[in-house]
Participant: 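Below: one structure in structure tokens.
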There are 2 protein chains.
Amino acid sequence: MYAMSLAQIGYFVNIRELARASGVSTATVSRALNDRAEVSEATRERIRRLATELGYAPNEPARTLVRRRSDTIGLIWDSGQEARGQHNPFLLGLLSAVRTALSEADYHLMLLTTPAAEEADGSYLQAVRRHNLEGVIVLTTPPDDRCLRVLAASNVPCAGIDTGFTGPRTVRVSSDNAAGAEAAVDHLYGLGHRRIATVTGPLHLPPAAERLAGYRRACERLGLAVPPEYVTEGDFFLASGETAARKLLDLAQPPTAIFAAGDQMAIGAMHVAADAGLSVPRDLAVVGFDDIDASALVRPSLTTVAQDQRALGEAAVTALRGLLDAGPGKTKLEAEPRIIPTRLLVRGSSRPRA
Amino acid sequence: MYAMSLAQIGYFVNIRELARASGVSTATVSRALNDRAEVSEATRERIRRLATELGYAPNEPARTLVRRRSDTIGLIWDSGQEARGQHNPFLLGLLSAVRTALSEADYHLMLLTTPAAEEADGSYLQAVRRHNLEGVIVLTTPPDDRCLRVLAASNVPCAGIDTGFTGPRTVRVSSDNAAGAEAAVDHLYGLGHRRIATVTGPLHLPPAAERLAGYRRACERLGLAVPPEYVTEGDFFLASGETAARKLLDLAQPPTAIFAAGDQMAIGAMHVAADAGLSVPRDLAVVGFDDIDASALVRPSLTTVAQDQRALGEAAVTALRGLLDAGPGKTKLEAEPRIIPTRLLVRGSSRPRA
DNA sequence: CTGTTAGCGCGTTCAC
DNA sequence: GTGAACGCGCTAACAG
């Protein structure tokens, strides 16, 4: 309590004072606090107690300097979407999961900033070196980010969630997009639907391509025909879902169900159906992907393939730690992607037809 | 280009090598790179060029150690909501804004982790000292967080967005909740509504209390009666909005319009109205607060009082920098809150009655 | 088991 | 205008 008041007025103890107070050398204090084996249990305990009593906190910059490691991980997330005013609704969940997992592993987290447009190709790499970062976690960033490519090409350990980049010490973590899409189609098929169309995301993005592949695979397995006009490309946003749905419903043989690769597009499809006087799910069933907040709030609520943000975040941290522990030599880990299962949430937009 | 390849194989230049390469002492290099006046323009330019060429990056831990300042800000956000699986939809916008504003001011950002439950009351404070953080930004954290109270009570500069804590070097930034609520009521009044009820948030939270105050003030100014049963307390989540709306619509004199202090509750009210066979906005107008993503996606789309996340984030950074520049002496700044205007987004749930 | 010593990379005195 | 020397707080090597 005495110590707390000291700390509150801005007085901090350093290792030297702690040593003086406990009657040993700074080296012993350091050993005790860092759980080195060569300290007697008695002195360790004494130092420990005194440390908390005096409110001692190690100076991390100093530790980093001498140990040559910071126990700090950098975090990068997509700012391209932000620029367009579009926030990826997953980011927050991923961020929380990553933060929690990292702190449980005793790593600190530093938020890296996307560089200004100029020729700052190496700025992520520079940041890593400036701060002695051990590795970087990248959240849903477009693979065409030059600055990021430079980073991935370096020997800095990187774990990416839903990213497409590769490099010597890179791991990718992502949801099982294909299986999720398959589950969605299976679900609709089980409901009796035989004319199932899809609205995809931008097909140059891996998740979008994988979801389409899953859709195709399920249709093939189930013996469903997929006329070319049943596959329409969107951009994950609302308007593109509306446009696509309008096109699909205008077909001579309109689908009775739509699987959209993103929830916003799925919601757009529901709007169009309502405007056309169709009842969801009776006249048209809709399944989305992602489980954004809005999916539970719209009416009817949206059946969707939910991603497990928590598991994704934890997997990214685990993967990164794997890279860190393996050391610079082991480049074999690169290709080993981490796939996280999805979960189908059946809601109002696809309840069994009466 | 040559330098880049060196950096990519993990070879880093430090100030000593830079000095050798440019034929001066490390002192001169330091002066040149830190824009000290005592260096000749010629050598400064030469050193600069060589630095970028060789991919030199200063070692921040070392700089922090010797300068006794880290240029780093800590970031804390509410994890209570996360634990309950409820993400505050604003967080992401605030985070981006804070990150951008901070990096423009040449500060680095460190994510702090909420401590495990144990008796870690001082852990934020400890983190600040460990990393030599200059200050902390707190995003929407409940004011009853003990760990946070210890931090706020210290002399660490803190800027909080939508938080209720106070301390010797603390600034609070928040939306103009009262004015926003007033604008919502004015809007409904302008549409011809005279029986306007409200669903509040938990009234122990400042934003909830302020929005209710604004509602009351507007009603008073407009000469509208506010029977006690027109004010129902919710918790910002969907279900509470539904419950409240049911109660309101069951009244002998049901309101023709509802102002909900949060969008989720407003959407809940719309659900209840629909279930009761009422048409929104014809039979019941609804206005929310926050402008969460879902508000633009539901049907009818939700009229809402939008918070300016960008401005909030920037204001927090500005306020914090004010505290930092003022130094430990100036405790006067504490009480000066930053109020950010809101914006009424008129959408389908309150379009003029036919 | 413990103490002494030597830097980690940098900014900052002092001299010149 | 520039260089040499020192030390920030801490850990690691080496003695004892």
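Numbers restart at 1 for each chain; the letters A, B, ... are given by sequence-line order, proteins then strands.
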Participant: State, without any angle test, whether B:Arg67 and B:Asn34 hold a side-chain donor-acceptor pair at a distance under 3.5 Å.
Facilitator: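 No, B:Asn34 and B:Arg67 have no side-chain donor paired with an acceptor closer than 3.5 Å.
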
Participant: Rounded to the nearest Å, what distance is computed from the CZ atom of residue B:Arg20 to the P atom of nucleotide D:dG3?
Facilitator: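 Rounded to the whole Å, the gap is 14 Å.
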
Participant: Using modelled atom types and a 3.5 Å cut-off, is there a donor and acceptor pairing between side-chain atoms of A:Glu134 and backbone atoms of A:Asp71?
Facilitator: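 Yes: the side chain of A:Glu134 pairs with the backbone of A:Asp71.
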
Participant: Looking at side-chain heavy atoms only, is the closest gap between B:Arg48 and B:Arg44 below 4.5 Å?
Facilitator: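 A side-chain contact exists here, since the closest heavy-atom pair is under 4.5 Å.
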
Participant: For DNA chain C, find the residues of residues 40-50 of chain A with a heavy-atom distance under 4.0 Å and give them by number; none if there aren't any.
Facilitator: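 A:Ser40, A:Thr43, in order of number.
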
Participant: Would you mind reporting whether A:Leu312 and A:Asp162 have side-chain heavy atoms less than 4.5 Å apart?
Facilitator: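 A side-chain contact under 4.5 Å is absent here.
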
Participant: Find the distance A:His131:NE2 to C:dC10:P and express it as a whole number of Å.
Facilitator: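 My rounded result for the distance is 13 Å.
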
Participant: Mark up nucleotides 7-16 of chain D, 5' to 3', with B wherever a protein heavy atom is under 4.0 angstrom from a base atom, S wherever such an atom reaches only the sugar-phosphate, and - elsewhere.
Facilitator: BBBSBBB---

Participant: Any heavy-atom pair between the side chains of B:Asp145 and B:Leu151 that's under 4.5 Å?
Facilitator: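 Not touching, per the 4.5 Å side-chain cut-off.
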
Participant: Donor-acceptor pair, B:Arg338 side chain versus B:Ser174 backbone, under 3.5 Å?
Facilitator: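 Absent.
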
Participant: Given atom CZ of B:Phe12 and atom P of C:dG9, what is their separation to the nearest angstrom?
Facilitator: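 My rounded result for the distance is 12 Å.
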
Participant: With a 4.5 Å limit on heavy-atom distance, are the side chains of A:Leu112 and A:Leu75 in contact?
Facilitator: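 SC-SC contact between A:Leu112 and A:Leu75 ruled out.
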
Participant: Considering just the side-chain nitrogens and oxygens of A:Thr28, establish if one lies under 4.0 Å of OP1 or OP2 belonging to C:dG3.
Facilitator: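 Yes, such a contact exists.
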
Participant: Who passes salt bridge (Lys or Arg N to Asp or Glu O under 4.0 Å) against A:Arg31, sequence neighbours left out?
Facilitator: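 Not a single residue meets the salt bridge (Lys or Arg N to Asp or Glu O under 4.0 Å) criterion with A:Arg31.
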
Participant: To the nearest Å, give me how far apart CG (B:Leu18) and P (D:dG3) are.
Facilitator: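 Checked: the CG to P distance equals 13 Å.
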
